[in-house]
J.: 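The structure follows.
Every value quoted in this text rests on a predicted model; they were computed, and no experiment measured them. Chain naming here is simple, since letters A, B, ... match the order of the sequence lines and numbering starts at 1 in each.
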There are 2 protein chains.
Amino acid sequence: MPPCIRNADLPHARNPIHSRALSGPSLASLSRPPRLPARSRVVSENFTLLFEGGRNRSLFRVLGGCIVLSQLLDDGRRQITDVLGPGRLFGFTVDGRNIATAETLSIARIESLGDAELHATNPAVASELKTTLHRLQTHATLLGRKTASEKVASALVELSRLFNRSRVPAPLSFHLHLTRADLADWLGLTVETVSRCLNRFKREGLIDFSHPKTMRVLDPERLKAAAGLTRQRATRGVHPQN
Amino acid sequence: MPPCIRNADLPHARNPIHSRALSGPSLASLSRPPRLPARSRVVSENFTLLFEGGRNRSLFRVLGGCIVLSQLLDDGRRQITDVLGPGRLFGFTVDGRNIATAETLSIARIESLGDAELHATNPAVASELKTTLHRLQTHATLLGRKTASEKVASALVELSRLFNRSRVPAPLSFHLHLTRADLADWLGLTVETVSRCLNRFKREGLIDFSHPKTMRVLDPERLKAAAGLTRQRATRGVHPQN
DNA sequence: GGAGGGCGTTGACAGCTGTCAACGCGGTTT
DNA sequence: AAACCGCGTTGACAGCTGTCAACGCCCTCC
């Protein structure tokens with residue numbers, strides 16, 4: 001396993017197997033076949049698969065689980081630039097160097113697609129690149145132009161699409177995979193702000209969660225409204241903060 | 001000219017030819033040949049070439065001038081997701097729909113490369129896509145994790161590389177192309193904050209400008225430091241704000 | 001069983017940045 | 001020549017969000 005390096009220095013590098021993570025829908029397929037096709041393999045939680053700036057010659061596809069791409073500033077500030085679910089590709093390089101760090105947030109199954117350069121001419125890969133470009137631009141708009149509430153609501157909508165287990169929309173339930181810190185690093189916020197927004201949404205009946213990572217969307221319409229153009233003041237009512 | 005539509009409703013849709021824009025280095029080549037190769041054409045300032053969500057079948061290359069890509073939220077908030085100089089490609093689509101709005105900030109020369117789908121298998125296009133992906137991820141880190149000062153300093157470093165006219169680094173001078181409002185929409189700030197940061201840098205001797213768009217970098221090292229990890233408090237000294 | 005650490009929540013407070021307003025400058029229009 | 005508009009700058013102020021701190025819960029380890 002060439003590029004698979006354990007990141008013991010990460011703050012959350014404990015509990016290699018999160019018990020609740022196994023109940024996730026995208027992970028159910030993991031328990032069945034150990035290794036299905038040729039280059040498929042299972043990676044445990046909180047592994048760093050690729051390091052930003054490192055050398056890597058292979059392209060990967062996510063088959064199951066959750067993987068995030070991130071960048072670091074010199075003083076440790078982190079930005080998660082993309083959250084990948086089943087089907088997504090990662091491992092793109094510029095000048096042979098990894099664009100971003102890739103780490104698993106759950107047990108994940110990934111497939112090595114071989115030399116990344118060979119896939120440059122693959123239409124499916126090009127299509128995936130363009131989709132990723134679109135997703136990143138949309139996220140840039142979120143980072144630059146949305147309020148904290150809108151950011152958190154948008155994240156919930158996005159993640160519910162990525163990881164929802166049921167086909168019916170109403171009592172939508174999904175596993176969050178990201179910690180509050182991960183959400184903060186994804187949305188350009190702090191843990192405290194993320195926590196406050198989530199609990200406000202909970203009080204207002206938009207969502208519910210008993211376990212911090214087991215999310216239920218109670219009111220998809222209002223949540224989508226909160227994620228979009230809804231003026232934050234209009235939905236907040238009397239509460240001065242929080 | 002199929003997708004070339006004038007945007008008269010833009011706030012800065014006046015003065016179709018900005019006098020100072022003609023003195024820019026990347027535009028010098030414009031005055032020589034009216035139309036060089038086959039599908040090359042000149043577009044004047046403040047034109048919207050593509051609309052986000054619109055249909056478009058062609059890929060374009062910037063030959064000269066400055067073009068920005070942007071997205072809009074429903075209530076009018078704008079995020080500029082990329083600033084393109086000579087050499088950059090744009091016009092990528094997902095499901096046949098433009099990913100972003102593309103507008104000129106100066107007189108620009110662009111080249112139509114024909115059907116975008118045909119280029120999906122072009123290695124040079126794939127390489128450009130990956131470079132763009134990298135640039136966008138870096139900008140996401142800026143948007144989510146940098147302070148206002150760091151954002152503005154980063155923008156100056158980036159734009160000086162895009163549009164500098166001299167090879168020597170020291171008295172680096174370049175045309176900004178972006179208005180304060182454009183900078184704000186690029187960096188996720190407001191016009192006022194951008195203006196305050198620029199004028200603080202000017203007072204501190206990092207940069208200089210007589211005309212708002214004619215920038216000179218006086219101290220590239222300190223500017224780069226301000227763009228990176230430099231703790232904002234450490235550089236600010238006594239001044240409570242600004 | 002107790003200690004310790006990761007993670008999440010909540011409160012108090014501060015401050016960076018947004019909001020609102022006014023003004024100046026340059027160019028165009030009437 | 002006056003009026004007007006776009007653009008940039010500056011000041012006063014507010015508030016959204018960050019910072020700091022404390023606490024609780026759960027799990028692991030000793």
Side-chain angles (χ1 to χ4, degrees), chain A residues 8-21 45-46 77 105 143-152 176-185 187-203 209-215 231-233 236 239-242, chain B residues 8-20 45-46 77 105 143-152 176-185 187-203 209-215 231-233 235-236 239-242:
Chain A
D9 48 349
L10 275 188
H12 44 1
R14 285 304 182 84
N15 48 333
I17 298 182
H18 190 122
S19 59
R20 274 171 235 268
E45 200 182 4
N46 294 326
R77 282 175 284 180
L105 293 192
L143 286 171
R145 285 302 180 219
K146 286 193 174 180
T147 66
S149 286
E150 291 170 332
K151 286 178 178 181
V152 174
L176 201 54
H177 288 302
L178 313 210
T179 65
R180 303 297 188 258
D182 292 328
L183 281 171
D185 285 344
L187 303 175
L189 299 171
T190 60
V191 218
E192 294 91 337
T193 300
V194 170
S195 180
R196 279 187 248 267
C197 286
L198 286 175
N199 284 283
R200 179 156 51 82
F201 289 156
K202 188 178 178 182
R203 280 199 306 276
F209 54 95
S210 46
H211 181 84
K213 285 190 179 174
T214 307
M215 281 291 156
R231 294 253 56 102
Q232 190 184 6
R233 296 81 191 230
R236 277 180 53 199
H239 316 297
Q241 190 185 1
N242 205 353
Chain B
D9 47 350
L10 275 188
H12 44 3
R14 286 303 186 83
N15 48 330
I17 299 182
H18 190 123
S19 58
R20 274 170 235 267
E45 200 181 4
N46 294 325
R77 283 175 285 180
L105 294 192
L143 286 170
R145 285 304 179 217
K146 287 192 175 181
T147 66
S149 284
E150 291 171 332
K151 287 178 177 179
V152 174
L176 201 54
H177 287 304
L178 314 210
T179 66
R180 303 299 188 255
D182 292 328
L183 281 171
D185 284 344
L187 303 175
L189 298 171
T190 60
V191 217
E192 294 91 338
T193 300
V194 169
S195 180
R196 278 187 249 267
C197 285
L198 286 175
N199 284 283
R200 180 156 50 81
F201 289 156
K202 188 178 177 181
R203 280 198 306 277
F209 53 94
S210 46
H211 182 82
K213 285 190 178 175
T214 306
M215 282 290 158
R231 295 252 56 98
Q232 191 185 6
R233 298 80 191 231
T235 67
R236 279 182 52 200
H239 316 296
Q241 190 185 2
N242 203 355

J.: Strictly below 4.0 Å: does A/Thr193 bring a side-chain N or O up to OP1 or OP2 of D/dT17?
T.: no
J.: On DNA chain C, nearest-nucleotide positions of A/Val191 versus A/Arg145: which is more 5'?
T.: A/Val191
J.: In whole angstroms, how far is the C1' atom of D/dG8 from the CG atom of B/Asp182?
T.: 13 Å
J.: Rounding to a whole Å, what distance do you find between A/Asn199:CG and C/dC7:C1'?
T.: 13 Å
J.: Is there side-chain contact between B/Ser149 and B/Arg200, with heavy atoms separated by less than 4.5 Å?
T.: yes
J.: Taking only residues two or more places apart in sequence, or in another chain, which ones meet B/Lys146 in a side-chain hydrogen bond (donor to acceptor under 3.5 Å, both in side chains)?
T.: B/Ser154
J.: Going by heavy atoms in the side chains, are A/Leu198 and A/Met215 under 4.5 Å from each other?
T.: yes
J.: Could you check how far CG of B/Asp185 sits from C1' of D/dC7, rounded to whole Å?
T.: 14 Å
J.: Report the residues that fulfil side chain to side chain contact (heavy atoms under 4.5 Å, CB included) with B/Thr190, sequence neighbours left out, ordered by chain and then residue number.
T.: B/Glu192, B/Thr193
J.: I'd like to know if the side chain of B/Arg196 reaches the main chain of B/Val191, judged simply by a donor and an acceptor atom lying under 3.5 Å from each other, with no hydrogens or angles considered.
T.: no
J.: Let's see if you can work this out: which of C/dG8, C/dT17, D/dT9 has an atom nearest to the side-chain heavy atoms of B/Phe209?
T.: D/dT9
J.: With sequence neighbours excluded, what pairs up with B/Arg180 under the salt bridge (charged side-chain N to carboxylate O under 4.0 Å, His left out) test?
T.: none
J.: Of the options C/dT19, C/dT10, D/dT10, whose atoms approach the side-chain atoms of B/Ser195 most closely?
T.: D/dT10
J.: Taking CZ from A/Arg203 and C1' from C/dT9, how many angstroms apart are they, rounded to a whole number?
T.: 11 Å
J.: Tell me: CZ of B/Arg77 to C1' of C/dT19, nearest whole Å?
T.: 14 Å
J.: What is the separation between atom NE2 on A/His211 and atom P on C/dG8, rounded to the nearest whole Å?
T.: 8 Å
J.: Send over the distance from B/Leu176 CG to D/dC7 C1', rounded to a whole Å.
T.: 13 Å
J.: Between the side chain of A/Arg145 and the main-chain N/O of B/Arg77, is any donor-acceptor distance below 3.5 Å?
T.: no
J.: Tabulate protein N/O versus nucleotide N/O from nucleotides 20-23 of chain C, keeping only pairs under 3.5 Å, one per line.
T.:
residue : atom : partner  : partner atom : Å
C/dC20  : N4   : B/Glu192 : OE2          : 3.0

J.: Scan A/Leu198 against the nucleic acid and name what it touches under 4.0 Å (heavy atoms): base, sugar-phosphate only, or nothing.
T.: nothing
J.: Roughly, in whole Å, what's the span from CG in A/Leu187 to P in D/dC16?
T.: 18 Å
J.: Of the listed nucleotides (D/dT19, D/dT9, C/dG8), which one gets closest to any side-chain atom of A/Pro212?
T.: C/dG8
